[in-house]
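Okay, structure first, notes after.
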2 protein chains.
Amino acid sequence: MSRSTSTKSRASGRVTLSDVARLAGVAPMTASRAINQPELVSSLLRQRVEQAVQELGYVPNRAARALASAQSNVIVVLVPSLSNTVFTAVLQGIQDVLDADNYQVLIGNTRYSDAEEEKLLNIYMQSNPDGILLCGLTHSPRVQQMLATSKVPVVSMMDLSDDPAQLCVGFSQLDAGETMTRYLIDKGRRRIGFMGAQLDERTLKRREGYRKAMMDAGLADPQLELMVPDPSTIALGAELLGRMLARVPDCDAIFCCNDDLAHGAVYQCQRRGIAVPERLAICGFNDLPASAWMKPSLTTVGTPRYRIGYEAATMLRAAIRGEVPAQTHLDLGFTLMARESA
Amino acid sequence: MSRSTSTKSRASGRVTLSDVARLAGVAPMTASRAINQPELVSSLLRQRVEQAVQELGYVPNRAARALASAQSNVIVVLVPSLSNTVFTAVLQGIQDVLDADNYQVLIGNTRYSDAEEEKLLNIYMQSNPDGILLCGLTHSPRVQQMLATSKVPVVSMMDLSDDPAQLCVGFSQLDAGETMTRYLIDKGRRRIGFMGAQLDERTLKRREGYRKAMMDAGLADPQLELMVPDPSTIALGAELLGRMLARVPDCDAIFCCNDDLAHGAVYQCQRRGIAVPERLAICGFNDLPASAWMKPSLTTVGTPRYRIGYEAATMLRAAIRGEVPAQTHLDLGFTLMARESA
DNA sequence: CTGAAAGCGCTTACAG
DNA sequence: CTGAAAGCGCTTACAG
């Protein structure tokens with residue numbers, strides 16, 4: 001696999017801009033312009049360059065461009081999970097904005113781990129990103145420091161910050177948790193359990209809302225909270241339902257921190273012959289596709305995940321361009337979906 | 001926001017390797033070695049460099065490294081969907097192999113479109129990837145040409161190729177489709193429908209297997225095939241079930257090309273009071289988490305998606321290192337999951 | 001509208 | 001084990 005020439009050159013063998021320029025009979029600078037800012041080049045030269053590009057199959061070298069221009073056109077997105085469709089919908093929204101714009105989106109999966117987030121961000125900072133999209137408001141001190149010193153624009157997704165300076169797009173997880181709980185209380189439920197898994201920031205916020213509503217109604221009871229750090233799955237929901245009923249036999253409703261858990265709880269009730277919602281009301285969070293179709297259909301909270309990604313990317317792009325944002329906090333709201341299960 | 005110095009410098013203001021070297025009192029080359037190949041540097045200088053890195057908060061510039069070394073450490077992965085958990089599991093397997101290795105994984109979502117695949121690959125080739133991971137065996141001529149001329153190692157995922165030279169990891173989609181159909185025939189079903197959506201390569205291969213089994217049993221009937229190009233969803237499965245029964249009233253089993261469709265079909269049967277499996281057997285493909293838990297539980301085909309990603313990434317890494325693969329085709333098989341619905 | 005020069009921040013390929 | 005020189009493939013910042 002030796003090079004055909006015997007020079008000591010480190011050339012990669014790939015076609016470069018200089019090759020294109022030579023074939024087109026112009027300076028590399030002109031070839032560069034013809035490709036990136038064609039309106040600045042006479043149509044004659046532009047055509048000659050375009051033809052040379054075609055003929056040689058020229059592919060620009062992104063690393064060289066990034067180095068010379070000090071602009072990477074890279075956007076880093078860190079999500080806590082790829083198996084949770086909530087975040088893949090967020091990613092879809094992001095890509096729909098950014099793909100069209102010649103941005104390269106680096107997707108990192110933090111697996112709900114602060115340490116992993118730190119590690120990924122550390123690696124991705126090497127790519128000198130133009131902007132960063134994160135999930136949630138709380139991050140490790142080192143992550144906060146990295147972001148602060150880099151001065152790269154950041155938009156936080158999913159929740160709304162208390163800090164007015166922080167760019168964020170989402171909805172109040174706390175309000176949503178409170179709203180769902182009040183709905184159950186209004187339906188006459190009294191012994192309302194809360195089932196939480198993963199114990200990520202959003203689950204804890206939803207529980208805060210649950211607590212607030214229970215407290216206000218004078219129904220609070222620590223026994224009613226069942227929290228485990230395991231990842232949310234249907235299987236876990238099925239298991240936790242059993243544990244909840246064993247611990248609180250008179251439990252008459254369960255607010256699951258997300259739909260996966262709720263699905264598992266409903267399926268478990270079907271197996272055990274527990275009537276939903278008559279004997280036990282069950283509700284979830286996020287409104288996954290199956291929730292509307294299963295029997296009984298699931299009462300849950302609809303969340304604007306696709307739009308969160310879409311609007312966050314739009315806001316980030318504006319920030320990168322140095323535009324002053326019309327608003328730093330974009331509240332996209334949530335929707336209570338009252339169905340058969342509660 | 002002007003620079004503090006009045007030089008014409010294009011310097012980005014970021015800390016560079018030279019800054020580290022200066023502070024450590026060594027040449028940039030030595031600083032580079034201390035960071036990337038520490039075993040080649042005396043422990044004294046190594047420590048001085050490490051301290052300088054800490055003190056300055058040095059972050060290496062990946063673009064500069066890629067340009068100088070002609071090695072990007074980028075791996076491109078193209079999947080047809082991010083909302084389908086099959087592919088997010090594949091990605092998980094890939095990341096578990098590659099994240100540890102300082103590779104940067106670029107994830108592209110082709111949305112089941114050849115044109116989009118072509119566009120994404122075109123853009124990603126600018127990053128000069130060390131290797132590429134694709135889903136499926138068939139690609140547009142231009143994609144094939146790009147891959148051929150670039151000489152970048154490629155591993156195909158999901159199915160097994162007829163071409164012995166093509167690196168691939170997966171299982172026979174055709175055999176799986178045939179196996180599931182024979183299972184239904186062996187159960188005494190005669191009017192077995194096939195419901196397919198998206199019409200991607202894998203769905204068509206599964207249908208081929210279905211046809212083969214039906215033909216062999218003398219049960220083939222074009223009326224039994226219901227194929228639509230729309231994306232697979234639960235809602236679509238529910239709708240298609242209605243259309244299938246309207247068209248083939250004596251249909252006694254339905255093989256859905258994937259679990260989403262099957263879930264929708266089962267839910268629709270529940271709504272219409274159609275007994276599953278007594279009146280109508282329903283089965284799916286992929287064994288998503290809900291399939292084992294729903295009532296009736298879903299008969300389906302278990303597929304090794306995480307392992308496909310894991311093994312494909314492992315094979316690609318070996319190919320990048322120039323190792324001769326022990327085998328070019330890795331068949332990970334599939335498992336018929338016989339449950340309640342069929 | 002076009003181009004010659006310099007430089008982005010690293011690593012290769014030597015030489016000592 | 002250490003380092004001076006050159007170069008990777010582009011774009012910036014000028015100058016004409």
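So you know, we letter chains A, B, ... as the sequences are listed, proteins then strands, and number each from 1.
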Point to revise | A/Asn36 side chain near D/dT11 phosphate (N/O to OP1/OP2, under 4.0 Å) | key: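 Yes, A/Asn36 has a side-chain N/O under 4.0 Å of OP1/OP2 on D/dT11.
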Practice item. Ignoring backbone atoms, establish whether B/Ser32 has a side-chain N or O less than 4.0 Å from OP1 or OP2 of C/dC10. Key: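 Looking at the OP1 and OP2 atoms of C/dC10, neither is under 4.0 Å from any side-chain N or O of B/Ser32.
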Measure the distance from [atom1] on [X] to [atom2] on [N] and round it to the nearest whole Å.
X: B/Gln37; N: C/dC10; atom1: CD; atom2: C1'; result: 13 Å
X: A/Met29; N: C/dG7; atom1: CE; atom2: P; result: 17 Å
X: A/Gln71; N: D/dT12; atom1: CD; atom2: C1'; result: 13 Å
X: B/Glu39; N: D/dT2; atom1: CD; atom2: P; result: 13 Å
X: A/Asn73; N: D/dT11; atom1: CG; atom2: C1'; result: 13 Å
X: A/Arg65; N: C/dG9; atom1: CZ; atom2: C1'; result: 18 Å
X: B/Leu17; N: D/dG7; atom1: CG; atom2: P; result: 20 Å
X: A/Asn61; N: C/dC10; atom1: CG; atom2: C1'; result: 13 Å

In Å, rounded to the nearest 0.5 Å, how long is the span from [atom1] of [X] to [atom2] of [Y]?
X: A/Gln126; Y: B/Gln104; atom1: CD; atom2: CD; answer: 8.0 Å
X: A/Leu332; Y: A/Tyr306; atom1: CG; atom2: OH; answer: 12.0 Å
X: A/Gln51; Y: A/Leu56; atom1: CD; atom2: CG; answer: 10.0 Å
X: B/Leu67; Y: B/Ser72; atom1: CG; atom2: OG; answer: 11.5 Å
X: A/Arg14; Y: B/Asn128; atom1: CZ; atom2: CG; answer: 4.0 Å

Measure from the side-chain heavy atoms of [X] and tell me the nearest of [options].
X: A/Arg33; options: C/dG3, C/dA13, C/dC10; answer: C/dG3
X: B/Leu67; options: D/dG9, C/dG3, C/dT12; answer: D/dG9
X: B/Ala64; options: D/dG9, C/dC10, D/dT11; answer: C/dC10
X: A/Ala68; options: D/dC8, C/dC8, D/dG3; answer: C/dC8

Study note, to complete from the structure: Comparing B/Gly25 with A/Ala63, nearest DNA chain D nucleotide closer to 5' gives the residue B/Gly25
**Study point:** A/Tyr310 atom OH, neighbour heavy-atom count above 12 within 6.0 Å
**Key:**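 No.
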Would you tabulate the side-chain donor-acceptor contacts of residues 142-149 of chain B under 3.5 Å, counting partners in other chains and residues two or more places apart, or write 'none'?
{"residue": "B/Arg142", "atom": "NE", "partner": "B/Glu118", "partner atom": "OE2", "Å": "3.4"}
{"residue": "B/Arg142", "atom": "NH1", "partner": "B/Glu118", "partner atom": "OE2", "Å": "3.3"}
{"residue": "B/Gln144", "atom": "NE2", "partner": "B/His139", "partner atom": "O", "Å": "2.7"}
{"residue": "B/Thr149", "atom": "OG1", "partner": "B/Gln145", "partner atom": "O", "Å": "3.1"}
{"residue": "B/Thr149", "atom": "OG1", "partner": "B/Met146", "partner atom": "O", "Å": "3.3"}

Check your understanding: Does any N or O in the side chain of A/Arg46 come within less than 3.5 Å of the main-chain N or O of A/Pro38, such that one atom is a donor and the other an acceptor?
Key -> yes
Point to revise | Chi angles and distances behind the side-chain contact (heavy atoms from CB on, under 4.5 Å) call for B/Ser127, B/Val76 | key: CA-CA 9 Å; B/Ser127 297; B/Val76 167; 5.9 Å; no
**Study point:** Positions of residues 40-51 of chain B (non-hydrogen atom under 4.0 Å from DNA chain D), listed by number
**Key:**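 Per residue number, the list reads B/Leu40, B/Val41, B/Ser42, B/Leu45.
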Check your understanding: Once Watson-Crick and G-U wobble pairs under 3.5 Å are found, how is DNA chain C written in dot-bracket notation, 5' to 3', with | for any base paired to another strand?
Key -> |||.||||||||.|||
Point to revise | Partner of B/Asp159 by side chain to side chain contact (heavy atoms under 4.5 Å, CB included), out of B/Leu137, B/Val169, B/Ile308, B/Thr138 | key: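 Result: among B/Leu137, B/Val169, B/Ile308, B/Thr138, B/Leu137 is the only option passing the side chain to side chain contact (heavy atoms under 4.5 Å, CB included) with B/Asp159.
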